[in-house]
Chemist: 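Before anything else, here's the structure in question.
First listed ligand is number 1; within each ligand, the first listed atom is number 1. In what follows, residues are counted from 1 in the order of the sequence shown.
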Amino acid sequence: MHLIALLEVVSALVGTGMAAVVPSTHVLHEKRGRRHPGLTKRAPGDSILPMRIGLKHNAEALAKAEEWLMDVSHPSSPNFGKHWSQDQVIHSFRASDASVEAVTGWLVDAGISSTRITHSSNKLWLAFDATVKEAEALLKTEYYHDGEHDDDDDNDRVAVGSNAYYLPAHIQEHVDYVTPGVKSTTMDLKRLRRKRAAKRDVAKRDATKGASHRRSKNTLPRPIKNVEEVLSRDVDDLSNCDSIITPACLRALYGYSAPSPHAKVSPKNSMGIFEEGDYYDQPDLDLFFNAYTPSIANGTHPKLDSIDGGVAPLAGFVGGESLLDFTIAYPIIFPQTITLYQTDDEYYAYYTGSRGIFNTFLDALDGSYCNYTAYGETGDSRLDPQYPDKASPADEDPYLGKLQCGVYQPTNIISISYGVYEQDLPYSYQERQCNEYLKLALQGVTIVIASGDTGVGGYNYGTYGDGSYYGCLGDDDAVFTPSEACSCPWVTNVGATEVFPGQTVFEPESAVLVQEHRLDGNYSSSGGFSNIFPIPAYQQKAVQHFFDTANPPYPYYYNGNWQNATNGGIYNRNGHGIPDVSANGWNYPGWYNGSFGTSGGTSMSAPIFASLLNRIVEERIKVGKGPLGFVNPTLYENPQVLNDITNGTNPGCGTNGFNAAKGWDPVTGLGTPNYPKMLELWLSLP
Ligand SMILES: *[C@@H]1O[C@H](CO)[C@@H](O)[C@H](O)[C@H]1NC(C)=O
Ligand SMILES: *[C@@H]1O[C@H](CO)[C@@H](O)[C@H](O)[C@H]1NC(C)=O
Ligand SMILES: *[C@@H]1O[C@H](CO)[C@@H](O)[C@H](O)[C@H]1NC(C)=O
Ligand SMILES: *[C@@H]1O[C@H](CO)[C@@H](O)[C@H](O)[C@H]1NC(C)=O
Ligand SMILES: *[C@@H]1O[C@H](CO)[C@@H](O)[C@H](O)[C@H]1NC(C)=O
Ligand SMILES: CC(=O)N[C@H]1CO[C@H](CO)[C@@H](O)[C@@H]1O
């Protein structure tokens with residue numbers, strides 16, 4: 001009964017209500033603005049909580065990170081190309097020894113013996129198990145859980161958190177935050193386990209939503225009528241590139257030659273491609289090689305770096321994405337090889353509708369990321385798959401191993417044709433992930449991501465779990481919806497172009513626009529301005545030039561603050577401009593489960609751009625130079641190595657979207673690749 005009374009007090013007066021039981025040695029560290037509506041049940045005192053104390057570590061490092069990256073990536077820097085080692089990155093982003101000692105001392109004095117405390121390998125947090133009772137005494141708080149909340153993402157798990165907690169005053173300066181705390185932790189509470197069967201039904205119902213929401217969409221093939229005639233054409237014919245973009249059309253557009261199939265290639269330059277919930281199959285790849293690149297032998301396939309049970313190939317589940325990625329990349333880079341980073345066991349990929357994306361992939365590339373703290377997030381979140389996958393029924397082939405941390409070396413170039421929208425995930429989740437892309441870039445890795453296929457809006461159907469609509473933002477559905485993770489300023493974001501009917505590959509391309517292509521709307525190149533990330537220094541001039549010369553006719557807001565825009569603003573005037581560059585994204589031929597058709601999407605554009613960068617790395621290796629790392633500063637300083645695209649728009653949210661324009665624009669970025677110029681530029685750089 002006492003507990004119920006306290007709960008009311010906490011609910012009404014967070015902080016002050018608790019202050020009576022807080023000794024004067026302690027200070028409030030974090031509290032919620034409003035009591036969490038889901039956390040209604042007191043956590044049993046004897047349950048064990050996995051406590052994590054994020055150390056106030058790397059605030060200085062995070063502030064300097066951009067400068068560090070520019071130091072090795074800006075072509076005018078004397079340290080250009082001098083990428084860091086992984087140890088150097090971990091060391092620079094870790095917490096100070098003084099913080100570790102102070103916090104450990106406090107815990108030991110409070111009765112948590114030092115043998116119970118683990119210090120993470122990246123030095124950023126301390127971990128120990130504690131009973132709810134111990135943790136409440138330590139933090140002068142109370143823990144609640146959401147056991148009755150029927151959330152379809154969780155797998156026999158509940159969220160546990162508190163509404164406010166306190167730290168000794170002398171410890172506060174060393175601690176970023178504690179979980180579970182105001183940020184809840186997902187965990188099993190044995191007595192609250194729900195029946196598996198019931199949960200699985202819910203999960204299945206959500207399968208379509210979960211899978212489609214996270215994938216670039218235009219990859220499913222459209223059948224064409226004149227298959228026989230199309231397949232009888234000479235593979236080098238360039239007269240039909242306005243209806244089918246063959247490998248030869250791409251070579252003509254971007255000025256590179258077919259690689260010699262017998263060239264000697266560096267074993268250290270396999271190209272990385274990420275896939276999730278979508279699989280290639282060998283017969284479809286072979287049909288493509290046979291028709292368009294006979295010099296690539298049947299059976300050629302990527303090397304699988306399986307992440308947390310990810311499998312490939314998988315004949316029964318053929319999807320357009322993987323096949324498109326590989327049939328784009330092989331003709332450009334072969335005999336260079338491809339490394340496939342395939343994440344997720346099928347249960348997570350298909351049935352859970354888990355909203356998290358990329359964290360388990362980044363865990364596999366960088367072991368220190370598994371437990372890294374930044375922007376108030378430590379390690380994987382409740383939105384990410386939980387491994388070992390105890391939730392999956394045995395017949396779904398669960399992955400029962402441990403979460404894979406740091407098991408694969410990242411390739412020099414990684415192409416990603418997946419993403420969701422900035423509104424789909426907590427901003428802190430995306431900021432922490434973006435910081436990881438920066439850390440990989442510091443080590444010389446180039447991440448290339450598709451911009452998305454929905455213009456300035458989002459997919460034009462459906463609702464989020466909480467009932468809000470996910471086409472566009474705001475009460476009137478008028479505010480533009482930037483895609484992610486491509487909106488991170490430390491990756492290279494690729495939009496899509498098209499050769500319109502009647503045009504040839506010897507004329508300029510336009511921004512892609514396909515009307516009523518999908519059930520859920522039109523296809524155009526996603527672009528605009530991030531609501532999370534500000535304009536990075538390397539892009540300032542380009543964005544300013546766009547506003548000066550092609551000012552869009554829409555009201556805007558600042559600092560991502562669309563909720564508060566009183567002038568009806570619909571885009572973020574000082575947000576990171578997206579995309580950076582573009583490449584063709586429409587009418588690529590291919591086989592899917594044995595049927596021939598054409599497809600596209602920015603899913604096609606990203607691997608084109610990434611493959612050309614992979615070839616440039618290969619040429620640099622031949623002359624004793626290193627990988628490219630973060631390419632954007634070099635591109636923004638040298639826009640002449642790209643073909644500026646000036647025609648087209650990316651409609652959405654009831655508007656025409658933005659216009660492609662001279663110079664950078666938020667539809668096609670700086671433009672499409674001019675391979676000879678790009679190669680010459682990077683061969684001239686150290
Ligand atoms: C390669 O595979 C394709 C598709 O299965 C087939 O049509 C072709 O005959 C094969 N080529 C060789 C040389 O085996
Ligand atoms: C592929 O084709 C086979 C039969 O040709 C069919 O049974 C299967 O459902 C198809 N799979 C997909 C993913 O379309
Ligand atoms: C697609 O474009 C057409 C023509 O501009 C427009 O009328 C239609 O509303 C668009 N569809 C959606 C779902 O936005
Ligand atoms: C909107 O304005 C209020 C009051 O100024 C502020 O507390 C809130 O953080 C703002 N929202 C955003 C998204 O910035
Ligand atoms: C310019 O783009 C529009 C679509 O936005 C397209 O209809 C038109 O054909 C393009 N013009 C040229 C010359 O490609
Ligand atoms: C050293 C340490 O505590 N490592 C942890 C990092 O995160 C993984 C996955 O969340 C844990 O299993 C490890 O124990």
Chemist: Look only at interatomic distance and state if Thr649 has a nitrogen or oxygen under 3.5 Å from any nitrogen or oxygen of ligand 5.
Modeler: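 Among all N and O atoms of Thr649, none is under 3.5 Å from an N or O of ligand 5.
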Chemist: List ligand 5 atoms under 4.0 Å from Gly648, heavy atoms only on the residue side.
Modeler: 5 (O)
Chemist: Show the protein residues that qualify under the rule heavy atom under 4.0 Å from an atom of ligand 1, listing them in chain and number order.
Modeler: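 Contacts of ligand 1 under 4.0 Å: Asp286, Leu287, Asn290, Asn298.
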Chemist: Who are the ring pair (Phe, Tyr, Trp, His ring centres under 6.0 Å) partners of Phe361, not counting sequence neighbours?
Modeler: Phe274, Tyr341
Chemist: Listed by chain and number, what are the ring pair (Phe, Tyr, Trp, His ring centres under 6.0 Å) partners of Phe609, not counting sequence neighbours?
Modeler: none
Chemist: Keeping the roles fixed (side chain from Asn674, backbone from Leu642), state whether a donor-acceptor pair exists under 3.5 Å.
Modeler: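 A pair under 3.5 Å: no.
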Chemist: When the aromatic ring centroids of Phe288 and Tyr588 are compared, is their separation below 6.0 Å?
Modeler: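 That pair passes the under 6.0 Å test.
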Chemist: CD of Gln503: more than 12 outside heavy atoms within 6.0 angstrom?
Modeler: yes
Chemist: Give the atoms of ligand 5, by number and element, whose distance to some non-hydrogen atom of Asn647 is under 4.0 Å.
Modeler: 1 (C), 2 (O), 3 (C), 8 (C), 10 (C), 11 (N), 12 (C), 14 (O)
Chemist: Considering residues at least two apart in sequence or located in another chain, which fulfil the ring pair (Phe, Tyr, Trp, His ring centres under 6.0 Å) criterion with Tyr538?
Modeler: Phe630, Tyr636
Chemist: Regarding Thr649 and Asn656, is there a side-chain donor-to-acceptor distance under 3.5 Å anywhere?
Modeler: no
